[in-house]
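To start, the structure under review is shown below, and the notes come after it.
Predicted, not measured: the structure shown is a model, and the values here were computed from it. Each chain gets a letter, A, B and so on, in the order the sequences are listed, and its residues count up from 1.
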Protein chains: 2
Amino acid sequence: MTSTLGFAILAVLARGERTGYDIATAMRRPIAFFWTARHSQIHAELQKLLAAGFVGYEARQGPGPQGKKVYHVTAEGSLALREWVTEPPRERPERDELVLKTYASWVAGPAEIRQMFADQLAAHEARLAEYEREGELIGKPPGFGDPRFGNYAALRCGIGYERHRAEWCRWMIDQLSESLNPSWEAAKPSEP
Amino acid sequence: MTSTLGFAILAVLARGERTGYDIATAMRRPIAFFWTARHSQIHAELQKLLAAGFVGYEARQGPGPQGKKVYHVTAEGSLALREWVTEPPRERPERDELVLKTYASWVAGPAEIRQMFADQLAAHEARLAEYEREGELIGKPPGFGDPRFGNYAALRCGIGYERHRAEWCRWMIDQLSESLNPSWEAAKPSEP
DNA sequence: CGCCACTATGTCACAACTGACATAGTGGCG
DNA sequence: CGCCACTATGTCAGTTGTGACATAGTGGCG
């Protein structure tokens with residue numbers, strides 16, 4: 001019934017009451033690593049959660065034509081979240097444009113592909129440094145039962161992911177460098 | 001103009017002519033790691049590629065009410081693919097249900113979460129073994145310019161991914177085991 | 001000869017998601 | 001006082017993707 005986005009919202013609200021805008025902000029910054037949504041989608045989903053009785057809200061004065069609405073999880077919502085959390089995740093298809101490009105990369109020139117991977121590597125290293133800095137701020141992992149455990153565990157996953165990605169980029173760059181050096185060039189037919 | 005799925009199809013067809021069914025099969029088995037699509041979507045996308053002049057087909061006799069259509073990439077399609085391949089990939093949002101569940105895991109019991117991760121670990125280890133077996137079949141990496149280079153590079157990424165995932169699962173299980181041992185249980189209020 | 005699995009193409013309703021547009025209050029800067 | 005950035009909610013058209021339904025030829029097994 002409730003979509004995954006609905007549970008993502010419940011997971012945010014379980015940490016404390018929030019406006020739709022706050023949820024959208026959370027989806028941009030710390031949660032963006034594993035789930036994202038635009039505010040347009042969030043407002044629509046909040047209507048569904050409201051209809052299902054999983055969230056409630058309190059209208060307060062604030063900016064915008066309609067003031068602000070501070071949402072909170074209801075007892076039913078909390079129960080639904082708890083049940084969903086322990087259900088095995090359904091296999092979502094990975095959709096990775098970079099790997100797809102790599103799969104088709106043989107149609108292009110190695111130098112261009114190499115440049116693309118150099119850029120990707122830089123991006124991954126930057127994000128890795130950012131995550132590691134964030135991890136150091138937390139220090140040692142919070143205990144299970146603390147909401148921050150969720151944040152820390154997700155961050156840990158993110159760090160592992162960036163490391164794996166960076167390593168793969170480096171391997172690709174190595175492979176492509178081999179294709180670019182003279183001994184390899186001489187072995188294939190080229191312009192005289 | 002052309003969607004990413006369109007390029008995924010072109011990437012498959014660049015390896016040789018295929019029917020829509022063949023493309024769907026390819027999307028289930030080797031490409032599924034980084035892109036998936038149902039046959040319904042593939043047939044629709046092929047119509048768009050046809051209209052764009054990126055693919056052509058040859059009608060042949062075969063099963064089904066309409067016979068079979070063997071598709072191939074045109075010169076324009078080949079050029080479009082070559083251009084797309086070297087464009088920097090746009091950041092696609094990662095949508096990872098397991099990490100989302102982990103983010104919300106503190107609302108549930110550690111034992112249940114631990115079980116979920118044990119199952120995930122088993123799945124990742126199985127897939128890793130499968131990929132590694134496949135990698136051994138190929139042997140040493142094909143040179144750039146060979147279509148099999150794309151397959152090998154993607155497989156290499158898959159192996160790295162499964163290793164990273166398995167490692168993260170193991171870390172989570174360790175963390176949860178700590179939460180489950182008596183010294184930790186004694187420190188929190190529980191039933192007498 | 002009937003049944004099933006596989007090959008093969010297609011439609012359709014629906015759900016999920018995106019990007020642009022629309023509206024409006026608050027607080028800070030020059 | 002005007003302008004801008006930020007907070008805040010919402011609509012809407014359009015694209016992408018899913019799952020079910022529909023149709024039909026071939027080859028193998030019992």
Side-chain angles (χ1 to χ4, degrees), chain A residues 1-9 12-13 17-29 31-32 34-52 55 57-71 90-97 100, chain B residues 1-9 12-13 17-29 31-32 34-52 55 57-71 90-97 100:
Chain A
M1 182 79 211
T2 304
S3 69
T4 307
L5 174 61
F7 289 111
I9 291 171
V12 174
L13 288 181
E17 52 173 41
R18 299 273 191 303
T19 65
Y21 184 88
D22 291 335
I23 297 167
T25 306
M27 295 265 170
R28 267 203 306 276
R29 255 266 291 167
I31 307 183
F34 50 90
W35 211 268
T36 58
R38 311 281 168 172
H39 79 273
S40 57
Q41 214 188 333
I42 288 165
H43 285 300
E45 192 65 38
L46 279 169
Q47 296 308 309
K48 287 185 200 169
L49 291 172
L50 211 54
V55 300
Y57 72 87
E58 204 189 321
R60 298 211 191 135
Q61 58 185 15
Q66 293 91 8
K68 65 153 91 173
K69 293 174 181 173
V70 180
Y71 289 89
R90 53 176 212 151
E91 296 278 341
R92 282 241 165 201
E94 290 266 350
R95 288 216 161 87
D96 195 320
E97 218 174 277
L100 182 57
Chain B
M1 184 76 211
T2 304
S3 70
T4 307
L5 174 62
F7 289 110
I9 290 171
V12 174
L13 289 182
E17 51 173 42
R18 298 276 182 335
T19 65
Y21 184 88
D22 290 334
I23 297 167
T25 306
M27 295 263 172
R28 268 203 305 274
R29 255 266 291 168
I31 306 184
F34 50 91
W35 211 270
T36 58
R38 311 281 168 172
H39 79 270
S40 58
Q41 214 187 336
I42 288 166
H43 285 300
E45 192 65 35
L46 279 169
Q47 295 310 309
K48 288 183 198 170
L49 290 172
L50 210 54
V55 300
Y57 71 87
E58 203 190 322
R60 299 210 190 134
Q61 58 185 16
Q66 292 89 9
K68 65 155 88 172
K69 293 173 180 175
V70 181
Y71 290 89
R90 52 176 213 152
E91 296 278 343
R92 282 242 165 199
E94 290 266 351
R95 289 217 161 86
D96 195 321
E97 217 172 278
L100 182 56

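- When the C1' atom of D:dT16 is taken as reference, atom CE of B:Met1 falls 14 Å away, rounded to whole Å.
- Residue order along DNA chain C, read from the 5' end via each residue's closest nucleotide, puts A:Thr4 first among A:Thr4 and A:Arg38.
- Closest to the side chain of A:Arg95, out of D:dG17, C:dG10, D:dA8, is D:dG17.
- Of all nucleotides present, only D:dG10 satisfies the Watson-Crick or G-U wobble test against C:dC21, with each distance under 3.5 Å.
- Judged purely by atom type and a 3.5 angstrom limit, B:Arg60 has no side-chain atom pairing as donor or acceptor with the backbone of B:Gly67.
- Proximity of A:Gln41 to the phosphate of C:dT18: a side-chain N or O atom is located under 4.0 Å from OP1 or OP2.
- One can place CD of B:Gln61 at 12 Å from C1' of D:dT26, the figure rounded to the nearest angstrom.
- Taking every side-chain heavy atom of B:Lys48 into account, D:dT16 is the closest of C:dC21, D:dG17, D:dT16.
- Between B:Thr25 and B:Asp22, the side chains place no donor N or O within less than 3.5 Å of an acceptor N or O (distance only, hydrogens not considered).
- Both distances falling under 3.5 Å, in either a Watson-Crick or a G-U wobble arrangement, place C:dC14 opposite D:dG17.
- Atom pair A:Leu49:CG and C:dA16:P shows a separation of 12 Å (rounding to whole Å applied).
- Between D:dT9, C:dA8, C:dC17, one nucleotide has an atom nearer to the side chain of B:Thr19 than all others, and that is C:dA8.
- Within the 4.0 Å cut-off from OP1 or OP2 of C:dG10, at least one side-chain nitrogen or oxygen of B:Lys69 is found.
- A close approach under 4.0 Å does not occur between any side-chain nitrogen or oxygen of A:Arg60 and OP1 or OP2 of D:dA8.
- With A:Glu45 as the fixed residue, the side-chain contact (heavy atoms from CB on, under 4.5 Å) test singles out one of A:Ile23, A:Leu5, A:Leu50: A:Leu5.
- Proximity of a side-chain donor or acceptor of A:Arg18 to a complementary backbone N or O of A:Tyr71 within less than 3.5 Å is not detected.
- The NE2-P distance, from B:His43 to D:dT23, rounds to 17 Å in whole Å.
- Taking each heavy atom of A:Phe7 and A:Thr2 in turn, the nearest pair found is CE1-O, 3.6 Å.
- A 3.5 Å limit on both hydrogen-bonding distances identifies C:dG2 as the Watson-Crick or G-U partner of D:dC29.
- Spacing between atom CZ of B:Arg18 and atom P of C:dT9 amounts to 13 Å, rounded to whole angstrom units.
- On a pure distance criterion of 3.5 Å, a polar donor-acceptor pair joins the side chain of A:Ser40 and the base of C:dG19.
- Toward the 5′ end of DNA chain D lies the nearest nucleotide of B:Thr2, the other residue of the pair B:Thr2 and A:Arg90 mapping further downstream.
- Side-chain proximity of A:Asp22 to the nucleotides D:dG10, D:dA8, C:dG10 is greatest for D:dA8.
- One interatomic measurement links the two molecules: CZ of B:Phe7 to C1' of D:dT16, which rounds to 16 Å at whole-angstrom precision.
- In this structure, A:His39 and A:Trp35 both approach DNA chain C, and ranking their closest nucleotides by distance from the 5' end singles out A:Trp35.
- Of the candidates C:dT9, D:dT18, C:dA16, the closest approach to any side-chain atom of A:Ser3 belongs to C:dA16.
- When all heavy atoms are compared, the tightest approach of B:Gly20 to B:Leu46 is CA-CD1, 4.0 Å.
- Note: CD (B:Gln47) to C1' (D:dT15) measures 17 Å, nearest angstrom.
- Taking atom CD1 on A:Ile42 and atom P on D:dT9, their separation rounds to 10 Å, with Å as the unit.
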